[in-house]
2 protein chains.
Amino acid sequence: MPPTLDDVARAAGVSRSTASRVLAGYGPASPTTRDRVHAAATRLGYAPNPAARALVTGAGFRLVVAVTGMDPHVLDDPYVDRVVRAAAEVGAAQGVGVSLQWLPADAPGPALARLAADRGVHGVLVLNTTESVLAAVPDGLAGRVASIGIGSPTVPAFDIDNGGATTTMIHHLYASGRRRIAMVSGPQWMPCTRRPVDAYRTAVRELALPVRMVPGDFTYAGGEAAMSTVLEQWPDTDALFATSDAMALGALAVLRVRGVDVPGDIAVAGFDDIPFASYSVPALTTATHPVERIAAAAVTAILTGTRAPAATSYPSHLLLRESA
Amino acid sequence: MPPTLDDVARAAGVSRSTASRVLAGYGPASPTTRDRVHAAATRLGYAPNPAARALVTGAGFRLVVAVTGMDPHVLDDPYVDRVVRAAAEVGAAQGVGVSLQWLPADAPGPALARLAADRGVHGVLVLNTTESVLAAVPDGLAGRVASIGIGSPTVPAFDIDNGGATTTMIHHLYASGRRRIAMVSGPQWMPCTRRPVDAYRTAVRELALPVRMVPGDFTYAGGEAAMSTVLEQWPDTDALFATSDAMALGALAVLRVRGVDVPGDIAVAGFDDIPFASYSVPALTTATHPVERIAAAAVTAILTGTRAPAATSYPSHLLLRESA
DNA sequence: CTGAAAGCGCTAACAA
DNA sequence: TTGTTAGCGCTTTCAG
């Protein structure tokens, strides 16, 4: 049987409450007592029972990653994998585990209510969220929710600066001589699509370039379709910025089949820096997407319970390779 | 305040223990009582407090994914991401979270002991494990550990049949006319490397083909190096089986640079079916690696506490594309 | 600065 | 078939 706090207290010759205080680093305690308790604890290999602690403090011990989407397939995404992985790694240090679930975009209320009622839930990290989902976050969850993406007055946001990344990318393409730059955006219902679109519009207006925008869906197939559309609609396009590497790789495939030289005829840039972006032919120019760091920060904010700033933005960095 | 079991019992006009029994679906209870309790529970929106339950049952509420390796970087692997993701999804249903940590291959003892002592740990899923790690699993963890990879008398194994996959792949290559088939294995210290190697040796012996084996490390760069070695050592090689898609893609890159036609001159096959295997040029022939299903089964075994069979093997399926 | 006492919400003997 | 009882291990007032 693992030692309990009582064992430690007895070994140190103090009461259980004193031992508790010392080990929590909380209230007053004489140096002597402090030392004795710590010594006893380490000697016995004492580890607090998280269940007992959770019971009395009312805190949960599980962090839920809730992914907004139309259907449960939104969970099948390497991006989600990375977030969960990072969360599971950060949580390990504090003894909190991570669980993953889908949050129906059209009716998030019940699921959120369930999370709020579940005493086992320490906090919630929402992904791909929308305004309506954020509006449906119950008061019971206040202060223990964070979002990777957009935020709200009650939900702090941790997000990549994809608007800035877009601006940087367009300027890079312009600087390398491109003058007819098309962009493939994400799905229009996703809030994370807005800033890149705005940034693109602003940039091309300022540079006096034509607006060439095609909506995409972040997938390889979507990238193929978008590239075909662009080629058909604006045959003289000399650069394409796709807001995901998967779409950029799809675009690359279409251009290869059609015998279009990249980057000679058309430059192609992606976004995310997925593992194989550097192994495509030509190697894909893209921008980083420090998912793990963002997720770690969001999880830490939830776990520490510190009042996080309304929005924390993470810079993206250009990765210049061969395709643009 | 969320309702407690006492509230439910009072609302149903029964004692707390009766309510507990009914809700647990455990002991005896008259149909009337049963209905009344259930009705009260749903009316009140009762959700049991997992901490209280864990405290009294002594069960943990956290499943630890422990990845064996030389250094903490072993966690930076999409494969680990997938396992953790699958575990987090399965655990969500039972209210258990997942946390992730590295298990030093050379000194797994202390970490394992800590896991065994931590009352918050429900069970442990070990990855990439070795015999010595399995031998170091403390008794305290008995019955709540599972392995994806090799197993031991106390640790049930859930694994892909990579030996069978190898045999199938070699026979496929043979059937398509290849007679000088090289293989790039995984790192030799990893137990999961053994069966494919044995299967390869057996297959080529039976087919009266030469043995051409190069050790790899599962990485893209390792695949490049291995391909170069093969070309140098056995220039007339007409097929390469790499035991990871990443290595196969590296091999493909080398062949492209050297102007070797794939699959015309050399057939290349991988293993894993990573997301972009189908988008390489030529599209990669490979074999599936149903990680999520395996992980889900292992987690379920730990969670249900059922005595799992010593080893469960999952079949791999050939995915014929262009490269072989 | 320290100890006594109460109780978090639940399960599981045991008694009725 | 049901209720009573006794904790699980910890934190936290409240007295000393």
Side-chain angles (χ1 to χ4, degrees), chain A residues 1-41 44-62 94-96 117-122 305, chain B residues 1-38 40-41 44-62 94-96 117-122 140 305:
Chain A
M1 289 290 93
T4 73
L5 187 57
D6 265 322
D7 297 328
V8 174
R10 208 168 309 124
V14 300
S15 77
R16 186 176 47 196
S17 29
T18 301
S20 173
R21 258 181 256 122
V22 169
L23 260 16
Y26 204 68
S30 77
T32 333
T33 311
R34 199 178 296 275
D35 289 350
R36 280 228 303 274
V37 171
H38 278 129
L44 266 52
Y46 171 72
N49 183 328
R53 180 174 294 187
L55 177 59
V56 70
T57 60
F61 35 68
R62 186 167 130 243
Q94 341 244 353
V96 324
D118 188 333
R119 312 300 258 100
V121 173
H122 186 112
Chain B
M1 288 290 93
T4 74
L5 187 56
D6 265 322
D7 297 327
V8 175
R10 208 169 310 125
V14 300
S15 78
R16 186 176 51 200
S17 33
T18 302
S20 174
R21 259 182 256 120
V22 170
L23 261 16
Y26 203 68
S30 76
T32 334
T33 312
R34 198 178 296 275
D35 289 352
R36 280 227 303 274
V37 171
H38 278 129
L44 266 51
Y46 171 73
N49 183 328
R53 180 174 296 187
L55 177 59
V56 70
T57 59
F61 36 70
R62 187 167 129 243
Q94 340 242 353
V96 327
D118 187 335
R119 311 302 256 98
V121 173
H122 185 112

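Just so you know, these numbers use all the heavy atoms, side chains as well, and skip hydrogens, waters and symmetry mates. Letters A, B, ... are given to chains in the order of the sequence lines, protein chains preceding strands, and every chain is numbered from 1. From a predicted model like this one, the values you see are computed outputs, not experimental measurements.
The side chain of S15(A) places an N or O atom within less than 4.0 Å of a non-bridging phosphate oxygen (OP1 or OP2) of dG3(C). Between T57(B) and dC8(D) there is no side-chain N or O to OP1 or OP2 distance below 4.0 Å. Contact annotation: S17(A) does not reach the phosphate of dA5(C) (side-chain N/O to OP1 or OP2, under 4.0 Å). Within the structure, every side-chain polar atom (N or O) of S20(A) is placed at least 4.0 Å from both OP1 and OP2 of dC10(D). Checking the phosphate oxygens (OP1, OP2) of dG3(C), a side-chain nitrogen or oxygen of T18(A) falls inside 4.0 Å.
Toward the 5′ end of DNA chain C lies the nearest nucleotide of S30(A), the other residue of the pair S30(A) and V56(A) mapping further downstream. The nearest heavy atom of DNA chain D to G13(B) and to A52(B) marks one nucleotide each, and the one closer to the 5' end goes with G13(B).
Side-chain atoms of T18(B) do not come within 3.5 Å of backbone N or O of V14(B) as any donor-acceptor pair. Without hydrogens or angle criteria, D7(A) side chain to T4(A) main chain gives a donor-acceptor distance under 3.5 Å. For the pair H122(A) (side chain) and F61(A) (backbone), a donor-acceptor distance under 3.5 Å is absent.
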Q: Test L23(B) against H38(B) for side-chain contact (heavy atoms from CB on, under 4.5 Å), laying out the working first.
A: CA-CA 7 Å; L23(B) 261 16; H38(B) 278 129; 3.7 Å; yes
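Residue contacts for R21(A): at a heavy-atom cut-off of 4.0 Å it reaches a base atom on one of the strands shown.
When distances run from any side-chain atom of Y46(B) to the nucleotides dC10(C), dT11(D), dG3(C), the shortest one goes to dC10(C). For R16(A), taking side-chain heavy atoms from C-beta onward, the closest of the listed nucleotides dT2(D), dG9(D), dC10(D) is dC10(D). Closest approach to the V14(B) side chain among dG3(D), dT11(C), dG9(D) is made by dG3(D) (side chain taken as heavy atoms from C-beta onward).
Note: CG (L55(B)) to C1' (dT11(C)) measures 10 Å, nearest angstrom. The distance from atom CZ of R10(B) to atom P of dC10(C) is 12 Å, rounded to the nearest whole Å.
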